[in-house]
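Only one structure is covered here, and it is reproduced in the block below.
To find a chain, count down the sequence lines: A is the first, B the second, and so on, and within it residues start at 1.
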Amino acid sequence: MTITKESVASMLESADEKRDRVDSHLHPQGSFDVADHEVPTGREEVWRFTPLKRLHGLHQDAAFSTGNVKVDVDAADGVIVEQVAADSALRGSSGLVPLDRISARAWAAAPDATVVRIPTEHVAATATVLTITGSGTAAATAAHTVIVAEKFSSATVVLRFEGSAVLADNIEIVVQDGANLTVVSMQDWADDAVHLSSQHALIGRDANLKHVAVTFGGDLVRHDTTAEYAGPGGSVEMLGMYFADEGQHIEHRLFVDHTAPKTKSNVVYKGALQGEGAHAVWIGNVLIRKVAEGIETYEENRNLVLTDGCRADSVPNLEIETGEIEGAGHASAVGRFDDEQLFYLRSRGIEESEARRLVVHGFFNDLIRKIGVPELEAKMTETVELELAKNVLAVPNVKHD
Amino acid sequence: MATLEIKDLQVSVDTEDGPKEILKGVNLTIKDGETHAIMGPNGSGKSTLAYSIAGHPRYNVTGGSVTLDGVDVLAMTVDERARAGLFLAMQYPVEVPGVSVSNFLRTAKTAIDGEAPKLRTWVKDVNAAMDRVKMDTAFASRNVNEGFSGGEKKRHEIVQLELLNPKVAVLDETDSGLDVDALKIVSEGVNRFKESGDKGVLLITHYTRILRYIKPDFVHVFVNGKVADQGGPELADELEANGYDKYVALAR
Ligand SMILES: Nc1ncnc2c1ncn2[C@@H]1O[C@H](COP(=O)(O)OP(=O)(O)O)[C@@H](O)[C@H]1O
Ligand SMILES: [Mg+2]
């Protein structure tokens with residue numbers, strides 16, 4: 001074999017690319033082998049916010065069993081939803097490689113997989129809704145879901161989690177070239193549920209994904225949502241809305257890996273917190289690789305703290321390996337009610353509790369509009385109203401600090 | 001009839017170096033049908049007076065009284081004051097993200113009247129009020145003051161003034177930052193309000209310009225936290241000619 005300059009260059013390049021993949025501190029190397037993932041102690045950077053004690057042993061060796069979670073399907077016309085065997089080639093088609101022990105354990109233990117397939121060029125008229133209902137927290141469940149939007153298709157898929165469960169799952173999202181997909185993961189769990197979810201999206205050339213996380217219920221919900229691009233021109237919008245109540249731990253960890261040029265990402269997460277021990281964690285990681293020239297990214301997290309005793313951690317990270325980009329920015333804020341807004345509303349005769357109600361609804365309204373899934377809008381507004389009734393509207397004189 | 005009576009009002013704000021006295025004994029009585037102009041240099045405490053009347057939590061009243069028809073205003077919450085008939089058009093109206101103008105106006109009207117306005121006439125009323133200040137009715141579906149220009153914010157304040165129809169309006173530098181056309185539009189709004197009944201108006205301004213369009217019955221010169229001089233409309237002309245220097249020097 002003659003070694004030309006070009007082939008050396010390309011070898012170096014591919015070696016570089018390989019190293020590129022693992023070097024970023026934002027992106028630990030994954031593995032399918034559970035043994036490769038040590039049991040977390042809580043001191044690791046990625047686990048330092050999560051109350052491990054409340055994981056029911058998911059991070060250790062808690063046994064998985066079946067029959068505790070059922071899936072009801074309401075599929076749109078032309079959208080195919082089926083159960084496939086665990087060894088189906090569709091598993092792993094998004095490029096998901098478990099990044100932590102819980103994801104690896106769920107990968108190994110999932111007895112089968114739910115596949116949602118939107119055929120090529122099909123445009124679904126309504127949302128496809130999968131309602132996942134848990135019947136108790138006595139035993140843990142491992143699950144796997146693959147959502148594939150084939151070329152030039154368009155659809156909305158809602159995963160609605162309800163009831164009680166200890167659930168570890170991997171959710172793969174494949175958006176093929178030119179497809180438009182909205183995936184909503186709505187955590188409407190009962191108070192005692194524990195949900196650890198790893199969601200990975202592969203976005204094709206000129207494809208669009210809108211990924212929405214709505215977390216209202218559960219004792220501990222931790223979602224790791226990651227996205228990478230299979231070609232140039234793809235875009236991902238990650239929208240999130242959460243309401244952390246007394247004692248609730250809600251953690252959303254996001255990672256957008258700009259692996260292709262001319263790609264876009266836009267991340268907006270907004271949450272409200274109320275009650276003793278309510279804890280919200282948002283980690284927003286964006287990596288712009290050397291190849292990812294001409295990309296555009298923006299990420300934002302805003303938290304509205306409604307009472308004393310809550311805590312919100314909000315950490316944006318932007319790692320840039322090329323300067324040849326259109327734009328990159330982030331914003332993160334944790335704040336209480338804005339006194340000036342409340343004063344303005346009250347100076348027009350609006351009572352304090354009503355003014356607070358308007359401000360909180362207002363805080364979420366633009367996001368709900370952006371989420372743009374009509375099937376869910378009423379539900380989201382209603383939930384905000386119910387949450388408000390617990391504190392903001394219930395206490396006649398909330399402290400002014 | 002409505003009389004707003006301010007007696008020996010003293011107000012301070014908390015600063016890093018402790019409380020700072022801003023209003024040092026303000027006396028002012030506004031009877032129904034009267035328009036009072038308060039004129040003073042920047043930093044003299046005009047906005048502090050306006051906010052204190054409206055009950056902004058940042059301002060601590062350390063002495064004196066404010067009554068509306070003999071009823072203690074200072075004992076009321078911010079929203080109670082508005083429902084009692086006081087209105088403050090703010091120098092810097094506040095943006096409220098996610099709350100539409102139409103929702104805001106309807107909620108405010110419901111609060112002031114104690115009952116929801118009739119849906120059919122209400123929409124007409126809102127559109128008419130916006131038309132009168134040459135505000136596109138598309139603003140109704142925008143978020144309160146968000147992305148409004150300075151002039152649009154001031155017009156929005158006038159829309160509220162006309163729809164909420166208070167007994168006494170305090171207008172804090174509603175003229176500042178307006179071009180001549182906008183100034184006329186806003187002034188016409190205030191004049192319509194005045195003519196709609198025996199309304200009291202406290203018109204706070206830095207410049208005499210707006211007094212060409214809104215005729216005051218009384219002019220008060222406000223310097224260093226209190227009224228330094230008062231008179232009829234002619235006092236405004238004198239200020240126009242000579243400025244505040246004489247008063248500022250005296251106050252030192
Ligand atoms: N929150 C505050 N903290 C410290 N000083 C203040 C505060 N608000 C007002 N002041 C001071 O009080 C004085 C009067 O302010 P203001 O009432 O806004 O005056 P005006 O409206 O006449 O320009 C100014 O010296 C201003 O700096
Ligand atoms: Mg001022």
Report which part of B:Glu80 has an atom under 4.5 Å of a heavy atom belonging to chain A: side chain, backbone, both, or neither.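 When you check distances to chain A, no heavy atom of B:Glu80 falls under 4.5 Å.
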
Measuring heavy-atom distances to chain A, does B:Pro166 have an atom under 4.5 Å in its side chain, in its backbone, in both, or in neither?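 Answer is neither: B:Pro166 stays 4.5 Å or more from chain A.
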
B:Tyr92 vs A:Tyr344, ring pair (Phe, Tyr, Trp, His ring centres under 6.0 Å): CA-CA, chis, key distance, verdict: CA-CA 10 Å; B:Tyr92 303 108; A:Tyr344 189 70; over 10 Å; no

B:His56 backbone acceptor or donor facing A:Arg346 side chain under 3.5 Å: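 Checked: no pair found.
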
Quick check against the 3.5 Å criterion: does A:Arg348 have a side-chain atom that pairs as donor or acceptor with the backbone of B:Ala108?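 Side chain of A:Arg348 to backbone of B:Ala108, a donor-acceptor pair under 3.5 Å: no, none is there.
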
To check you understand the geometry: which heavy-atom pair defines the closest contact between B:Ala111 and A:Gly349, and what is its length?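 B:Ala111 and A:Gly349 have their closest heavy atoms at CB-O, 3.1 Å.
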
Euclidean distance, [Y] [atom2] relative to [X] [atom1], rounded to 0.5 Å:
| X | Y | atom1 | atom2 | result |
| --- | --- | --- | --- | --- |
| A:Leu345 | B:Phe104 | CG | CZ | 6.0 Å |
| B:Asp79 | A:Glu352 | CG | CD | 7.5 Å |
| A:Ser347 | B:Ile53 | OG | CD1 | 13.0 Å |

Looking at side-chain heavy atoms only, is the closest gap between B:Pro97 and A:Gln341 below 4.5 Å?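 B:Pro97 vs A:Gln341: side chains touch.
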
pair A:Glu354-B:Thr107: side-chain heavy atoms closer than 4.5 Å: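 Of all side-chain heavy-atom pairs linking B:Thr107 with A:Glu354, at least one is under 4.5 Å.
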
May I ask you to check whether over 12 heavy atoms, not counting those of [X], lie within 6.0 Å of atom [atom1]?
| X | atom1 | answer |
| --- | --- | --- |
| A:Asp191 | CG | no |
| B:Arg120 | CZ | no |
| A:Lys210 | NZ | yes |

Top contributor to chain B contacts, counting heavy-atom pairs under 4.5 Å, from A:Asp338, A:Val359, A:Ile350, A:Asn365: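 Heavy-atom pair counts peak at A:Ile350.
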
Using a strict 4.0 Å threshold on nitrogen-to-oxygen distance, state whether B:Arg58 and A:Glu340 make a salt bridge.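 Looking at A:Glu340 together with B:Arg58, the answer is yes, because their closest N to O distance falls below 4.0 Å.
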
How would you list, in number order, the residues of residues 148-163 of chain B that have a heavy atom less than 4.5 Å from chain A?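 From residues 148-163 of chain B, the residues near chain A are B:His156, B:Glu157, B:Gln160.
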
Interface residues of residues 132-145 of chain B facing chain A - non-hydrogen atoms under 4.5 Å apart: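 When heavy atoms of chain A are the reference, residues 132-145 of chain B contributes B:Asn143, B:Val144, B:Asn145 within the under-4.5 Å range.
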
side-chain contact (heavy atoms from CB on, under 4.5 Å) evaluation trace for A:Phe343 with B:Val78: CA-CA 7 Å; A:Phe343 173 72; B:Val78 175; 3.8 Å; yes

Under a 4.5 Å cutoff for heavy-atom pairs, which residue among B:Val96, B:Ile112, B:Leu88 has the most contacts with chain A?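 If we count pairs closer than 4.5 Å to chain A, B:Leu88 comes out on top.
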
